Every structure is written in structure tokens, then in C-alpha cells.
Enquirer: 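Sharing a structure with you now.
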Number of protein chains: 2
Amino acid sequence: VIDLQTIHKNYRMGSETIRALNGVDCRIDANEYVAIMGPSGSGKSTLMNIIGCLDRPSAGEYWLDGQNVSKLNDKALARVRNRMIGFVFQTFNLLSKSNALQNVETPLLYGGVGRRERRNRARQALERVGLDDRTFHKPSELSGGQRQRVAVARALVNDPAILLADEPTGNLDSRTGEDIMALFEELYSAGQTIILVTHEPGIAVRAKRHIHLRDGEVTEDYLLENS
Amino acid sequence: VIDLQTIHKNYRMGSETIRALNGVDCRIDANEYVAIMGPSGSGKSTLMNIIGCLDRPSAGEYWLDGQNVSKLNDKALARVRNRMIGFVFQTFNLLSKSNALQNVETPLLYGGVGRRERRNRARQALERVGLDDRTFHKPSELSGGQRQRVAVARALVNDPAILLADEPTGNLDSRTGEDIMALFEELYSAGQTIILVTHEPGIAVRAKRHIHLRDGEVTEDYLLENS
Ligand SMILES: Nc1ncnc2c1ncn2[C@@H]1O[C@H](COP(=O)(O)OP(=O)(O)OP(=O)(O)O)[C@@H](O)[C@H]1O
Ligand SMILES: Nc1ncnc2c1ncn2[C@@H]1O[C@H](COP(=O)(O)OP(=O)(O)OP(=O)(O)O)[C@@H](O)[C@H]1O
Ligand SMILES: [Mg+2]
Ligand SMILES: [Mg+2]
């Protein structure tokens with residue numbers, strides 16, 4: 001369902017060119033559970049942004065669910081993204097003027113879901129991440145781990161086929177992190193495709209396939225033995 | 001050097017009162033290395049903000065280096081903070097319009113350090129966290145872990161007596177996280193007081209004393225055996 005062909009992403013900084021992704025080939029089928037790992041700055045978030053249709057490659061092609069994403073205009077791209085993809089950002093990217101409930105409702109607004117159903121679905125999503133007692137708090141009135149969980153709830157509320165999670169437990173204690181991983185397990189069993197970036201081996205071990213990045217290139221890509 | 005006496009921090013949300021800190025007593029001597037741990041939402045960042053003079057308690061007293069901090073006005077508080085404390089925030093709090101070098105220089109500006117010395121010291125701090133090739137990047141042009149390291153560099157540049165680090169390795173792969181922990185070890189050996197919040201046992205084990213929080217209260221406070 002995800003087919004990346006020789007993907008490059010370059011940034012021009014004055015006279016220098018930074019090759020954030022330097023020729024990445026990668027195919028991920030539906031209902032796979034993949035962990036992307038690698039050193040700080042190796043291109044993980046950049047790769048996630050391209051998979052998540054939030055950014056376009058400098059070169060190469062990206063086929064998502066049989067469509068050549070690079071050929072879509074911004075409006076069509078946004079529609080595909082809203083329909084298929086849930087994204088947990090490394091830096092959360094919550095709306096600071098909206099409370100937790102409103103933040104989680106956002107993807108449903110875009111999908112044209114009615115007000116009452118939006119409210120219910122957002123409430124349920126917050127409940128699933130243990131935040132039903134924080135629905136009316138704004139991000140500045142939440143702890144770091146609570147903001148992270150609002151970001152997770154928002155990514156799930158639209159029941160996306162593909163969940164992309166960039167360091168989803170980075171700010172969570174082990175028990176709360178476990179709850180989130182258990183939630184991902186449920187989604188995976190229900191048929192979702194899960195791609196997560198993590199630097200924690202204890203988290204990565206839950207995935208079925210590992211992809212390692214270094215300096216914008218894939219250095220390893222393997223299935224886990226006993227999974 | 002840090003003496004917290006029956007510290008309370010409350011937030012009023014409509015008719016409800018959230019007790020982020022519910023009677024915390026805690027004394028930390030100079031040149032201690034403390035790890036604060038606890039579930040998401042237990043009050044760790046709130047406690048750090050009070051220790052770091054960024055927030056005032058709702059009740060209780062805080063004596064820092066022999067001064068009753070609660071009695072200082074904002075200007076005097078800012079002076080004490082700038083002189084004694086380096087803070088790595090859980091959400092980095094970098095200036096988005098400034099590049100890495102300018103961000104790291106910020107505490108030195110406040111301390112009235114001359115331009116050339118500021119530049120050199122900021123450059124050195126960035127070098128110590130492995131970012132000498134990213135000095136002119138703005139936060140939006142940096143990876144999550146690179147932003148985290150800029151936040152660490154900024155906290156160190158003023159040679160503060162007390163380093164407060166809230167989840168300083170949350171966005172770092174293990175090798176880069178190791179480099180940061182080795183840096184903290186150096187500072188500790190040089191006499192600094194280090195207080196870090198972490199949820200990773202592999203990081204916490206480097207500290208000499210552990211304090212556990214739950215629901216705004218200290219539930220455990222012990223020295224590590226073989227340290
Ligand atoms: N401005 C605020 N208004 C209302 N409640 C707040 C505010 N700031 C924090 N809280 C609440 O206070 C509690 C403690 O927050 P704090 O940020 O200290 O937790 P934490 O231990 O750092 O959590 P985490 O590990 O998730 O970062 C949380 O339950 C949070 O929702
Ligand atoms: N807008 C930009 N302009 C210039 N360079 C950039 C930009 N965005 C990212 N980079 C660079 O591209 C490289 C890859 O960034 P990316 O965010 O993908 O890394 P990452 O693997 O997610 O790292 P981390 O684990 O620290 O989050 C980094 O070296 C970064 O400095
Ligand atoms: Mg990243
Ligand atoms: Mg916190």
C-alpha cells in the first residue's frame with residue numbers, strides 16, 4: 001500500500017545541500033507493523049512526512065494505495081491524507097487555542113462529520129488514551145505526556161488505514177507508554193497498518209519489521225524472528 | 001542549596017481544583033545528581049518549574065541558595081535564575097525566528113556578556129552536543145533530537161550551578177542520548193548540581209538519588225546503592 005521509489009529529499013542551506021533522504025526504496029504492505037529506527041538527524045521524520053503526504057520528495061516517486069501521490073494537486077493530496085492517514089507528530093503540533101476535545105475533533109471536521117458524532121468519537125478517543133478527565137484543558141494546561149496522548153487520540157479518531165507515529169511514547173512513563181502500545185496492538189489486530197519511529201528498543205520490539213536509517217539511507221530492513 | 005517546604009501548586013479549572021503538587025518537601029544539596037520519576041501528569045514538570053524559578057507555588061516556601069525565593073520580585077527572581085540555573089525544557093521552548101547559535105547565546109545576552117565571547121561560548125556549547133554543523137539552522141530546519149540538543153546546549157552555556165533537565169533524551173537515539181549523559185557526568189564531576197526528569201530507567205540509573213512522584217506527592221526518595 002506504500003511504495004517509495006528512489007526517494008530523495010534535499011534542503012538548500014546557502015551553498016550547501018543537505019541530503020535528508022538520499023535514495024530510499026521501501027515497500028510496505030497493508031496491515032504491516034513497522035518500526036523505523038536510526039540516529040538523531042538520520043531522516044526518520046523526513047521519511048514519515050513524505051509517507052504521510054505532508055511533504056513532497058525532491059526526487060523519486062511515491063505510490064500510495066495505487067495512486068501516484070506526486071501527481072496529485074494539494075487539494076487531492078489533502079483529501080487522501082485525511083481519509084487514509086493518522087499522524088502522531090514528534091512535536092505534537094496541537095492547536096494552542098483549542099482544548100483537548102477540539103484538537104481531537106479536528107480530523108473529523110475536515111471529513112464533514114456531524115457535530116454530535118464528532119463530539120462522541122473525540123471523547124471516546126480521549127478515553128482510550130486515559131484522558132477523559134482532561135477534555136477541556138488546552139495544551140498549555142496539560143503535561144508533556146498528556147499532550148502526547150492528545151496527539152495520539154487525534155491520529156486515531158478518524159480510524160485511518162495507516163497510522164504514522166513519530167516517537168509516540170517519548171514523553172511517557174513506562175506504564176502509560178505500555179497503554180499506548182497496547183492500543184496500537186489492538187489497531188494492528190483490527191487490520192490497520194502501523195509505522196512508528198522510535199529510539200527505544202523496548203518499543204521497537206513490538207513491531208514485526210524493523211527499518212534502520214542512517215544519513216538518509218536505509219541500512220537494514222528485516223522481519224523480526226519470533227513475530 | 002534547594003529547600004522546598006510543603007510546596008503546593010493548584011490550578012482552578014471552573015469549579016474543579018487540580019492539585020498538581022500536593023505538599024512536597026524536598027531538600028537537595030549542592031553537587032547532588034537526582035532523577036525525578038513518576039507517571040505522566042504526576043507533577044514532575046510542575047516541580048521543575050518551581051525549582052527553576054519559572055513558576056511560584058500556591059503555598060509553601062522555596063529557599064534557593066539560602067534566599068527565600070517567594071519573597072523576591074520578578075526582576076530579582078529573573079536575576080537569580082539567570083545566574084544559577086540552566087533549564088532544558090520538556091518541549092524545548094526555542095525561539096523559532098533565531099538559529100541554533102542565537103538560541104544558545106540567549107542566556108549570555110541576559111548576563112551582559114560581550115559579542116565575541118558570546119559567539120565563542122555558544123559555538124563551544126553546540127560542539128559539545130554534536131551540532132557544530134547545524135549552527136545556522138533555525139528550529140524548523142532541525143530534527144527533533146537536534147532541537148533537543150540545542151535546548152541542552154543553551155542550558156549549559158552559562159555554566160549554571162544547577163542544571164534542570166526535563167526529559168533531556170526523550171527524542172534521542174541511544175548513542176546520542178549516551179553522549180548527552182556523558183556530558184552530564186562531566187558537569188557533575190566538575191561540581192554542578194543535576195536534577196533530571198526521566199521516564200527511562202537506563203537514564204535514571206546514572207543519577208545518585210531517585211525521587212518518585214505520584215499525584216503531586218513524593219512517594220519515594222532514596223540513594224542508589226552502588227553509587
Ligand atoms: N496550567 C494548567 N492548568 C490546569 N492543569 C494543569 C496546568 N498545568 C499542568 N496541569 C495539570 O497538572 C498535572 C501535573 O502536570 P505536570 O506537567 O507537572 O506533569 P508531569 O509529571 O510533568 O507529566 P509528564 O510526564 O506527562 O510530562 C497534570 O495532571 C496536568 O494536567
Ligand atoms: N527544513 C530543513 N532545512 C534544512 N535541513 C533540514 C530541514 N529539516 C530537516 N533538516 C535536516 O535533515 C536531517 C534529517 O532530519 P529528520 O528530522 O528527518 O531527522 P530524524 O531522523 O527525525 O532525527 P531525530 O531522531 O533527531 O528526530 C537533519 O540533519 C536535519 O538537520
Ligand atoms: Mg525526528
Ligand atoms: Mg512533564
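Predicted, not measured: the structure shown is a model, and the values here were computed from it. Within every chain, numbering begins at 1; the chains are lettered A, B, ... in the order of the sequence lines, protein sequences first and strands thereafter.
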Enquirer: Under a 4.5 Å heavy-atom cut-off, does chain A meet the side chain of B:E167, its backbone, both or neither?
Expert: side chain

Enquirer: Short question: side chain of A:H199, backbone of B:S174 - any donor-acceptor pair under 3.5 Å?
Expert: no

Enquirer: Out of A:E16, A:R175, A:H137, return the one with the most heavy atom pairs under 4.5 angstrom to chain B.
Expert: A:H137

Enquirer: Does B:D25 have more than 12 heavy atoms from other residues, nucleotides or ligands lying within 6.0 Å of its CG?
Expert: yes

Enquirer: Return the option, out of B:P39, B:S143, B:G14, B:G145, with the maximum number of heavy-atom pairs under 4.5 Å with chain A.
Expert: B:P39

Enquirer: Roughly how far apart are B:H212 NE2 and A:D173 CG, rounded to 0.5 Å?
Expert: 11.5 Å

Enquirer: Who among A:E200, A:K44, A:M37 has the most heavy-atom pairs with chain B under 4.5 Å?
Expert: A:E200

Enquirer: Which one wins on heavy-atom pair count under 4.5 Å against chain A: B:L172, B:T176, B:T198, B:D166?
Expert: B:L172

Enquirer: Can you tell which of A:A20, A:G202, A:G41 has the highest number of heavy-atom pairs within less than 4.5 Å of chain B?
Expert: A:G41

Enquirer: For chain B, which of A:L142, A:T169, A:T91, A:I18 has the most heavy-atom pairs under 4.5 Å?
Expert: A:I18

Enquirer: Which of the residues B:Q148, B:M13, B:Q146, B:R147 is involved in the greatest number of heavy-atom pairs with chain A at under 4.5 angstrom?
Expert: B:M13

Enquirer: B:E141 versus chain A, heavy atoms under 4.5 Å apart: side chain, backbone, both or neither?
Expert: side chain

Enquirer: Answer with side chain, backbone, both or neither: which region of A:S45 has an atom nearer than 4.5 Å to a non-hydrogen atom of chain B?
Expert: neither

Enquirer: Starting from the C-alpha separation in whole Å, work towards a yes-or-no answer on side chain to side chain donor-acceptor pair (under 3.5 Å) for A:Q90 and B:N171.
Expert: CA-CA 8 Å; A:Q90 187 169 11; B:N171 283 287; 3.0 Å; yes

Enquirer: For atom CZ of A:R56, is the number of surrounding heavy atoms from other residues, nucleotides or ligands below 6.0 Å larger than 12?
Expert: yes

Enquirer: Hey, is CG on B:N93 packed in by over 12 heavy atoms from elsewhere, all under 6.0 Å?
Expert: yes

Enquirer: Taking C-beta and beyond as the side chain, do A:S40 and B:R149 meet within less than 4.5 Å on heavy atoms?
Expert: yes

